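Shown next, in structure tokens, is the structure this report addresses.
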Amino acid sequence: MTMKEFDFEIVKNPEIYKIGTVRAHSDHEFYRNENHHVGEMSDFKYSLNGVWKFAYAKNYDLAEPDFYKNEYDCRKWDEIRVPAHVQMEGYGAPQYVNVQYPWDGHEKIVPGEIPAVFNPVASYTKYFNLPEKMKEGPVYISFQGVESAFALWINGEFIGYSEDTFTPSEFDLSEYVNRDGENKLSIMVFRFSSGSWLEDQDFFRFSGIFRDVYLYTVPKVHVKDMRVKTLLDDKYEDAQLELDLDVTGTGKAKIFLFKDGQEILKESIELDGETKCIFDVKKPLKWSAEAPNLYELKIEVQDENRNLMEVIKENVGFRRFELINNVMCLNGKRIVFHGVNRHEFSSVSGRCISEDDIRKDLIVMKKNNINAVRTSHYPNNTVFYRMCDKLGLYVIDETNLETHGTWEPVLRGIEPREYAVPGDRKEFAENVIDRAHNMFERDKNHACVLIWSCGNESFGGKDLFEMHEKFHEWDDTRLVHYEGVANDNRYEDTSDMVSRMYSTVADIKKYLAEHRDKPYINCEYTHAMGNSCGAMFKYTDLAYEDELFQGGFIWDYIDQSITCKDRYGNEFQAYGGDFDDRPNDGSFSGNGIAYGGPRTPSPKVQEVKYNYQNISVAFDDEIVIINRNLFTDTNEFNCIFSLEKEGEMIDMCMQKVNCEPLSQTRVKVPFEIPDDGSEYVLTVSFVLCKDTDWAKAGHEVSYGQKVYGTYDYKKELAKKAQQTVSSCGKLSVTKGYVNLGIKGDDFEI
């Protein structure tokens with residue numbers, strides 16, 4: 001759709017969700033030469049992050065309508081950082097709400113309408129000169145994340161409009177950009193749009209440009225989209241590397257594949273429009289969370305005269321994910337998800353999250369045996385997927401969709417089923433499929449993504465079923481997840497797996513006793529609020545008792561809290577209601593296994609790590625080692641045996657234990673344990689024997705303990721009492737005894 005002038009009515013219309021945008025594409029980086037590492041920002045790009053001119057209005061009627069015009073001078077406006085949330089920069093306030101929509105209780109509206117009285121409009125302006133390297137070619141602009149909808153102008157010309165907060169929106173500025181002088185870039189961001197009906201997630205509600213903004217250009221011959229497939233044979237040994245390249249212009253390409261600097265593949269191909277090529281790769285190392293083996297794909301793109309146009313570098317992981325006899329399998333082995341749900345969130349900057357924070361989260365997960373993440377409930381920053389590829393984490397990639405507040409009244413009988421969004425509503429059908437498509441196109445080449453998710457808690461209906469069908473039309477290498485059919489099962493095949501939230505183990509067993517046609521996961525379980533995560537072992541044990549139950553994802557990873565200061569300057573973590581936000585759900589956002597401020601693990605993580613460990617240790621007359629890794633022998637770790645006597649280490653040894661994946665073995669206790677009435681604790685610990693990207697050698701990945709004998713606490717108390725008496729010197733006696741405050745069950749000193 002095209003439009004010469006912006007019309008505010010489109011913000012209300014769910015059938016108009018983008019105007020003038022560039023077609024969604026893969027997130028591969030391309031460079032002018034090969035002096036770059038995989039994932040580095042391209043030198044074809046020019047960042048517009050930084051300080052912008054800014055104006056804030058309570059609603060559209062109060063906003064300056066002509067600010068985008070060349071003759072309107074915005075230089076006297078306030079300034080704001082980009083990327084950032086408007087509310088975190090002092091304009092308005094954050095609002096935390098779970099099921100309700102943020103306007104509930106303020107304005108009574110229905111889908112197809114948006115708030116009129118309080119619907120803040122943020123007007124941004126950036127004055128810039130085009131960098132020299134971009135003056136000759138086409139010029140595009142990319143917004144990686146804007147909440148919730150925005151209109152774009154340059155030099156007074158309306159360029160386009162976009163919704164879908166969490167995937168890139170890109171526009172072609174070539175026709176209107178001033179190549180030799182100053183440019184005026186203008187953006188109007190609407191806090192609530194028709195898209196807001198699709199974004200009722202359980203999180204703090206913000207608005208603004210909260211992810212990177214940059215200009216980019218492309219060479220004459222350019223790979224504008226790339227699809228990478230790794231096709232393993234039925235023995236999971238040899239593979240084919242399949243490339244689908246969508247090329248602007250005609251030329252040639254040299255294709256290279258490297259592993260740790262060693263050249264595995266070198267081929268030359270012709271480029272002309274849509275180009276497909278397939279290469280055989282013998283016995284590649286497979287990718288998994290246990291061993292995230294990555295190959296480096298390099299494509300040197302040339303014009304017809306063999307002049308270098310661009311160099312593409314991308315990581316490739318060879319892996320195959322599929323259903324075998326209704327069981328989810330990775331590279332032929334049954335997988336168990338030891339997962340968490342994770343909001344992108346910082347207590348300092350909201351969902352404008354840094355690369356360092358992302359890395360810290362993923363390293364904490366790896367150190368605590370978490371192997372999977374569900375991106376609740378929207379696509380994450382693209383750097384997240386690159387890190388998951390490298391560190392080794394499985395991802396359920398979730399479409400930006402939740403409509404909890406529209407179907408909850410349906411369940412209570414207040415509204416008819418037709419009220420639910422998207423449901424069977426034709427006006428939302430293309431909108432939600434576009435959101436799924438944007439996510440698919442950007443993230444399709446990441447090995448870490450095993451499952452696409454249609455969204456979260458959005459009931460059922462035809463629109464979601466059509467989304468499922470589209471995912472399979474686009475991608476035959478992954479499965480599709482959706483939990484909401486539990487509340488509206490007219491289209492049960494919207495999900496390739498049974499997915500439930502907070503089901504008891506008893507309920508899961510009952511269900512699986514009657515239904516054996518799909519695998520089962522808990523997309524949310526063991527709600528981690530307060531003093532929680534107890535009895536988690538019942539779920540993790542079940543994953544090894546019934547092959548159709550394949551794990552779950554804890555709700556959730558990190559507390560959503562915002563660092564604030566009280567009137568005395570003391571920092572504290574704020575929740576819903578602390579910003580005079582109404583309605584709000586209070587501290588219900590504080591249900592992570594990591595603390596919101598420092599991003600450090602809470603004590604709950606100890607339980608998570610133990611239950612999620614892949615090597616279990618049991619004891620009888622010997623030590624039983626149970627290796628639940630899919631691909632890793634226990635001899636890849638050091639096994640440390642230690643013996644303590646009443647808290648004091650008395651012996652220790654280390655040895656290699658050979659236990660193949662998905663098997664068990666027995667080893668003898670390496671110590672003589674005295675039977676002298678004292679308590680002895682035998683600990684068997686498996687630790688990393690070399691450094692990894694996420695932990696140093698010596699990091700403990702699993703352990704087990706057995707206690708021998710009985711701890712004589714009376715004897716210990718008496719000993720401590722004697723030590724206390726000895727240290728007191730001369731004592732004065734009152735009424736015949738000295739009270740040292742030391743008590744046992746049957747004595748007092």
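Keep in mind that what you see is a predicted model, and the values were worked out from it rather than measured.
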Step-by-step side chain to side chain contact (heavy atoms under 4.5 Å, CB included) determination, K126 to K53: CA-CA 6 Å; K126 181 75 169 179; K53 294 298 180 180; over 6 Å; no

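- Within the 3.5 Å criterion, the main-chain N or O of E314 finds no donor-acceptor partner in the side chain of E296.
- For the pair K266 and F256, the cation-pi criterion (under 6.0 Å, within 45° of the ring axis) is not fulfilled.
- One N or O on the side chain of R478 and one on the backbone of V449 form a donor-acceptor pair closer than 3.5 Å.
- Taking the ring axis of F203 as reference, the NZ or CZ atom of R351 stays within 45° of it and closer than 6.0 Å to the ring centre.
- The nearest pair of heavy atoms linking L271 to T275 is CA-OG1, 3.8 Å.
- A cation-pi arrangement, defined by a distance under 6.0 Å to the six-membered ring centre and an angle within 45 degrees of its axis, is present between R75 and Y127.
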Residue pair N456, H377: steps toward the side-chain hydrogen bond (donor to acceptor under 3.5 Å, both in side chains) verdict: CA-CA 6 Å; N456 182 64; H377 302 292; 3.3 Å; yes

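- Side-chain contact annotation: E199 with S148, donor-acceptor N/O pair under 3.5 Å absent.
- A donor-acceptor pair under 3.5 Å is formed between the side chain of R179 and the backbone N or O of G137.
- Side-chain atoms of E113 come within 3.5 Å of backbone atoms of V110 as a donor-acceptor pair (strictly under, hydrogens ignored).
- Aromatic pair Y176/W153: centroids not less than 6.0 angstrom apart.
- The minimum heavy-atom distance between S376 and N341, with the atom names listed, is OG-CB, 3.5 Å.
- A donor-acceptor pair shorter than 3.5 Å can be found between the side chains of T382 and D27.
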Worked check of ring-ring contact (aromatic ring centres under 6.0 Å, His included) between H222 and F30: CA-CA 9 Å; H222 169 60; F30 51 99; 4.6 Å; yes

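- The aromatic rings of F166 and Y378 lie parallel to each other, with less than 30° between the two planes, well short of the 60° mark.
- Between the side chains of R81 and N49, no donor-acceptor pair is found at a separation under 3.5 Å.
- Results of the ring pair (Phe, Tyr, Trp, His ring centres under 6.0 Å) test with Y216 over Y31, Y46, Y140 single out Y140 as the only residue that passes.
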Derivation and outcome, ring-ring contact (aromatic ring centres under 6.0 Å, His included), residues Y295 and W287: CA-CA 9 Å; Y295 289 72; W287 184 94; over 10 Å; no

Stepwise ring-ring contact (aromatic ring centres under 6.0 Å, His included) test for F204 and H85: CA-CA 11 Å; F204 269 98; H85 296 296; over 10 Å; no

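- For the ring pair (Phe, Tyr, Trp, His ring centres under 6.0 Å) criterion with Y91, the lone passing option out of F206, Y124, F54 is F54.
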Steps toward ring-ring contact (aromatic ring centres under 6.0 Å, His included) verdict (H437, W474): CA-CA 9 Å; H437 185 252; W474 302 326; 4.9 Å; yes

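- The backbone N or O of S346 sits nowhere less than 3.5 Å from a side-chain atom of S349 that would complete a donor-acceptor pair.
- Between K444 and D225 a salt bridge is recorded (basic side-chain N to carboxylate O distance below 4.0 Å).
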